[in-house]
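Only one structure is covered here, and it is reproduced in the block below.
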Protein chains: 2
Amino acid sequence: MARAGLNAERLARAGAELADEVGFDQVTVSALAKRFDVKVASLYSHVRNSRDLRTRIALLSLEEMADRAADALAGRSGKDALIALANVYRDYAREHPGRYAAAQFRLDPETAANSAGVQHARMTRALLRGYQLSEPDETHAVRLLGSVFHGYVSLELGGSFSHSAPGTDETWTRVLDSLDAMLRSWPAPAPGADPDSGADDRTADPDRPN
Amino acid sequence: MARAGLNAERLARAGAELADEVGFDQVTVSALAKRFDVKVASLYSHVRNSRDLRTRIALLSLEEMADRAADALAGRSGKDALIALANVYRDYAREHPGRYAAAQFRLDPETAANSAGVQHARMTRALLRGYQLSEPDETHAVRLLGSVFHGYVSLELGGSFSHSAPGTDETWTRVLDSLDAMLRSWPAPAPGADPDSGADDRTADPDRPN
DNA sequence: AGGATTTGCCTAAAGGCTTTAGGTGATTTC
DNA sequence: GAAATCACCTAAAGCCTTTAGGCAAATCCT
């Protein structure tokens with residue numbers, strides 16, 4: 001019997017393709033085995049279990065997105081950088097909906113800490129340096145950007161914005177305009193807010209999650 | 001044999017509880033049957049299939065959230081209303097993570113059109129009336145708010161913001177401040193943007209999705 | 001080269017979830 | 001109270017996951 005030449009890497013890659021075709025939650029060890037024309041049990045030599053497979057697909061997707069993000073940010077700053085980064089996520093999700101869904105897969109903390117997920121946070125922080133926020137405002141802004149990017153992309157992908165005018169491209173442009181304006185004139189904390197709430201962040205670890 | 005008194009309504013309710021306990025994607029016809037101490041096949045008299053069950057849980061959750069939203073908006077306007085509505089989603093997600101996940105379940109278009117989902121869009125639009133945007137800007141803003149609410153809540157729920165200072169409550173407050181400021185000074189379209197892209201919205205149907 | 005080891009894929013089997021078909025007794029209806 | 005309906009059950013088939021154990025191909029050693 002000729003061997004199929006499987007390994008965890010190839011399985012993850014094929015799993016990612018499968019996810020884009022049938023949806024991440026339809027990615028199954030069985031389906032993947034069929035795709036390689038191999039018996040199901042064979043995959044279990046390369047992948048611990050179904051969750052392990054999904055995790056690898058998630059990590060792969062996070063890395064791909066991080067690579068794209070790094071490319072997009074290179075040589076750009078300010079609003080240009082904001083738009084470029086935002087489009088990385090939106091375009092990735094539209095080109096690879098299954099992978100994008102995979103990237104949302106809840107990893108256990110240790111795996112997450114070693115994933116490309118931390119790069120994403122770092123790059124968002126780098127982008128924000130162009131807006132000259134100081135801590136803890138930069139952290140707030142990282143979270144805001146993450147929320148808008150993820151929220152917009154997943155709602156758009158889920159079809160929540162379809163069948164209604166105006167087109168989503170226009171909204172996207174306007175949303176990014178607004179974000180840029182917001183960041184340029186980042187509001188002071190509302191009067192009455194506790195100025196010392198949260199930890200002192202001036203010596204914060206730049207590698208920490210968003 | 002005594003009867004358990006099942007019906008679709010009770011199953012959906014119990015399914016929602018189960019979702020909050022074990023996660024929406026662990027909600028299974030089997031698990032639900034165990035919970036009622038009844039054989040699995042019995043549930044199929046009340047619910048068409050697994051997807052039908054999930055759909056009912058999703059609809060239930062959307063309704064519960066819509067009810068809370070309506071209560072929260074009553075008698076409020078402007079920033080107060082914005083904060084109240086935003087907190088409805090965040091609080092609901094924290095109290096009922098499984099239901100919140102259920103509310104994200106992709107419904108088929110017809111079901112979605114008859115769900116409480118349209119109320120959510122309508123309420124957001126109502127809230128925005130306080131900011132005096134005109135179409136198509138109001139639609140852009142509906143989408144922006146949806147994105148931020150959903151994005152923030154799901155990232156926070158997914159743990160993306162944990163293990164890092166400052167606390168998420170503070171970020172949330174600052175994000176809402178920013179949104180309010182943004183809406184009050186909604187920027188004009190960027191120069192060069194096509195002023196006529198998208199349909200003419202001045203006569204748009206107020207019931208349309210976001 | 002040729003034997004030993006490792007590696008890659010297979011068969012077999014058990015357990016779980018989904019879904020359909022058909023049965024039986026409890027409940028409702030007239 | 002008999003008929004019809006309803007609520008739950010048993011049985012069974014299909015698909016997915018996961019583990020155990022086997023055989024042959026590839027690789028490693030002398």
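Per chain, numbering begins at 1; letters A, B, ... match sequence-line order.
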Check the distance between C:dG16's P and B:Asp25's CG and give it to me in whole angstrom.
20 Å
Measure from CG on A:Asp52 to P on D:dT19 and round the result to the nearest Å.
11 Å
Do the side chains of A:Arg13 and A:Glu17 get close enough for a salt bridge, i.e. N-O under 4.0 angstrom?
no
Minimal non-hydrogen separation, A:Asp80 against A:Arg76, with atom names
O-CD, 3.7 Å
Among residues 13-23 of chain B, which ones have heavy-atom contacts with DNA chain C below 4.0 Å?
none
Rounded to the nearest Å, what distance is computed from the CG atom of residue A:Leu11 to the C1' atom of nucleotide C:dG8?
12 Å
Length of the NZ-C1' vector between B:Lys39 and C:dT24, whole Å
16 Å
Check: A:Arg125 side chain, A:Val142 main-chain N or O, donor-acceptor pair, under 3.5 Å
no
Trace of the salt bridge (Lys or Arg N to Asp or Glu O under 4.0 Å) decision for B:Arg143 with A:Glu170
CA-CA 11 Å; B:Arg143 292 170 175 175; A:Glu170 192 189 338; over 6 Å; no
With a 4.0 Å cutoff (strictly under), does any side-chain N or O of B:Thr28 reach OP1 or OP2 of C:dT18?
yes
Nearest atoms (heavy-atom pairs only) where A:Asp20 meets A:Gly98:
OD1-N, 2.9 Å
Would you kindly give the CG-to-P distance between B:Leu6 and C:dA26, to the nearest whole Å?
17 Å
Just how far is it from atom CZ of A:Arg68 to atom NE2 of A:His96, taken to the nearest 0.5 Å?
5.0 Å
Distance test, side-chain N/O of A:Ser30 to OP1/OP2 of D:dT17, below 4.0 Å:
yes
Mind checking the CG-CG spacing from B:Leu6 to B:Leu32? Nearest 0.5 Å is all I need.
8.5 Å
Side chain of A:Ser50 only, heavy atoms from C-beta on: which candidate in D:dC8, D:dT18, D:dC16 is closest?
D:dT18
Could you check how far CZ of A:Arg10 sits from P of C:dG8, rounded to whole Å?
12 Å
Send over the distance from B:Gln26 CD to D:dT17 P, rounded to a whole Å.
13 Å
Measure up the B:Trp172 and B:Tyr152 rings against each other and bin them: parallel (under 30°), tilted (30 to 60°), perpendicular (over 60°).
tilted
Rounded distance (Å) that lies between atom P of D:dT17 and atom CZ of A:Arg51
15 Å
What closest approach, in Å, do A:Ala112 and A:Val118 show between heavy atoms, and which atom pair accounts for it?
O-CG1, 3.9 Å
Within residues 40-49 of chain B, find the residues that approach DNA chain D with a heavy atom at under 4.0 Å, and present them sorted by residue number.
B:Ala41, B:Ser42, B:Ser45, B:His46
